[in-house]
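Remarks on the structure that follows.
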Amino acid sequence: RFSTYSLTSGVIETSVPFKLYLIVTLYNKEEIKKSPQRPQVIVYASILNCVIPDYLEKYYWWAYVRPWAVRIFERQWLINLILFGNYAKLRDIALEEFGENIPGRTLQMSCCYGNLTPRLAERAAKNGSVLDVIDILPIQLENLRRKIPQGIPANLRVMDASALNFPDANFDRVLVFFLFHEEPQDYRERTMSEALRVLKPGGKIIVMDYGRPISWHPVWIFIRLFLA
């Protein structure tokens with residue numbers, strides 16, 4: 001299956017084996033002057049041997065891995081329902097922590113449904129910065145690419161959050177938005193260790209995830225039925 005990416009609004013890199021086919025559209029100087037947009041470079045990439053963690057395929061194939069799952073779950077109202085009506089509140093808290101303008105380098109570890117990432121990318125672009133987003137699933141990066149507004153830069157990379165291919169002290173801030181509750185304990189520990197490793201001294205890590213509800217909370221019914 002081929003996926004199409006426009007490099008006018010970002011770059012897609014991968015740290016796993018893949019086969020890449022490039023079709024480059026060339027423009028002469030006069031055409032560039034006439035166009036308000038930068039020349040497009042269309043990349044057709046067939047991702048091969050992308051190693052999906054066992055836990056993702058076993059437990060979350062229905063939510064993230066299959067193309068039909070992305071089509072179903074990429075709905076603002078549905079994500080808000082899954083988060084018990086708290087998506088907008090949690091998204092805005094995360095954005096507030098980052099501030100209106102986001103200088104330097106920012107890393108988001110794993111994609112997420114909803115409109116958080118596009119808004120984060122827009123804030124980074126105000127200072128000429130570029131948001132970096134990594135995910136182990138190319139289909140999630142493809143979905144995110146469609147959500148980011150035209151002209152807003154973003155670097156999307158196929159990468160394992162528990163084994164980042166970045167140098168030490170590379171980012172000013174790191175966001176982990178509803179990832180840890182899906183990872184097994186050993187993955188969580190490695191992911192957090194990697195987040196700390198790539199963070200610059202004095203940088204900020206923002207982690208948002210589910211907390212354990214109090215014993216009498218009705219959400220326990222949902223947990224026992226679907227997550228136990």
Side-chain angles (χ1 to χ4, degrees), residues 5-16 38 53 64 79 83 86-138 140-183 186-211:
Y5 303 95
S6 170
L7 296 191
T8 55
S9 44
V11 177
I12 289 183
E13 298 179 1
T14 175
S15 59
V16 295
R38 290 183 293 172
Y64 302 111
I79 297 305
L83 292 177
N86 289 308
Y87 178 84
K89 178 181 178 180
L90 295 169
R91 176 202 62 206
D92 292 345
I93 290 174
L95 291 172
E96 184 178 347
E97 282 292 325
F98 282 112
E100 191 62 35
N101 297 302
I102 308 176
R105 299 199 64 185
T106 302
L107 172 66
Q108 178 177 323
M109 299 177 73
S110 89
C111 297
C112 58
Y113 293 128
N115 57 12
L116 167 64
T117 308
R119 295 191 181 192
L120 192 60
E122 287 178 320
R123 292 194 180 195
K126 289 180 180 179
N127 279 300
S129 302
V130 178
L131 175 66
D132 287 87
V133 184
I134 65 99
D135 201 291
I136 195 63
L137 296 174
Q140 288 295 325
L141 293 170
E142 180 182 357
N143 180 56
L144 176 58
R145 168 63 60 210
R146 292 193 294 265
K147 295 192 295 181
I148 294 178
Q150 179 70 27
I152 299 297
N155 295 328
L156 309 185
R157 296 178 169 90
V158 180
M159 198 179 298
D160 189 340
S162 65
L164 296 177
N165 188 25
F166 291 119
D168 296 351
N170 196 53
F171 293 96
D172 298 280
R173 59 198 66 82
V174 176
L175 173 64
V176 187
F177 192 84
F178 284 88
L179 171 63
F180 284 139
H181 74 277
E182 296 170 351
E183 293 184 314
D186 59 330
Y187 272 85
R188 293 178 194 171
E189 294 174 1
R190 295 202 304 268
T191 297
M192 192 65 196
S193 177
E194 284 293 270
L196 291 169
R197 180 184 65 79
V198 301
L199 188 68
K200 294 179 180 180
K204 177 185 287 189
I205 292 182
I206 298 174
V207 178
M208 305 200 76
D209 219 308
Y210 293 108

D209 side-chain N/O to H181 backbone N/O, donor-acceptor pair under 3.5 Å: yes
F166: ring pair (Phe, Tyr, Trp, His ring centres under 6.0 Å) partners, not counting sequence neighbours: F171
Heavy-atom side-chain proximity of I93 to M208 below 4.5 angstrom: yes
N127/S129 under side-chain hydrogen bond (donor to acceptor under 3.5 Å, both in side chains): CA gap, chis, key distance, verdict: CA-CA 5 Å; N127 279 300; S129 302; 5.6 Å; no
Least distance between heavy atoms, G114 atom then K147 atom: O-NZ, 2.7 Å
Donor-acceptor contact below 3.5 Å, side chain R197 vs main chain L164: yes
Minimum side-chain heavy-atom gap L131-R105 below 4.5 Å: no
Aromatic plane relationship, Y113 with Y64 - under 30° parallel, 30 to 60° tilted, over 60° perpendicular: parallel
Contact check, side chains of C111 and V133, non-hydrogen atoms, under 4.5 Å: yes
Salt-bridge contact R190-E194 (side-chain N to carboxylate O under 4.0 Å): no
T191 to L179 - nearest heavy-atom pair and separation: CG2-CD2, 4.1 Å
Listed pairs under 3.5 Å, donor-acceptor, residues 95-102 side chains, sequence neighbours left out:
from: E97; atom 1: OE1; to: K204; atom 2: NZ; distance (Å): 3.3
from: E100; atom 1: OE2; to: K126; atom 2: NZ; distance (Å): 2.7

N/O donor-acceptor pair under 3.5 Å between Y87 side chain and L116 backbone: yes
Salt bridge (charged side-chain N to carboxylate O under 4.0 Å, His left out) partners of residues 172-181, not counting sequence neighbours, each pair once: D172-K200
D132 side, atom CG; L107 side, atom CG - distance, nearest 0.5 Å: 6.5 Å
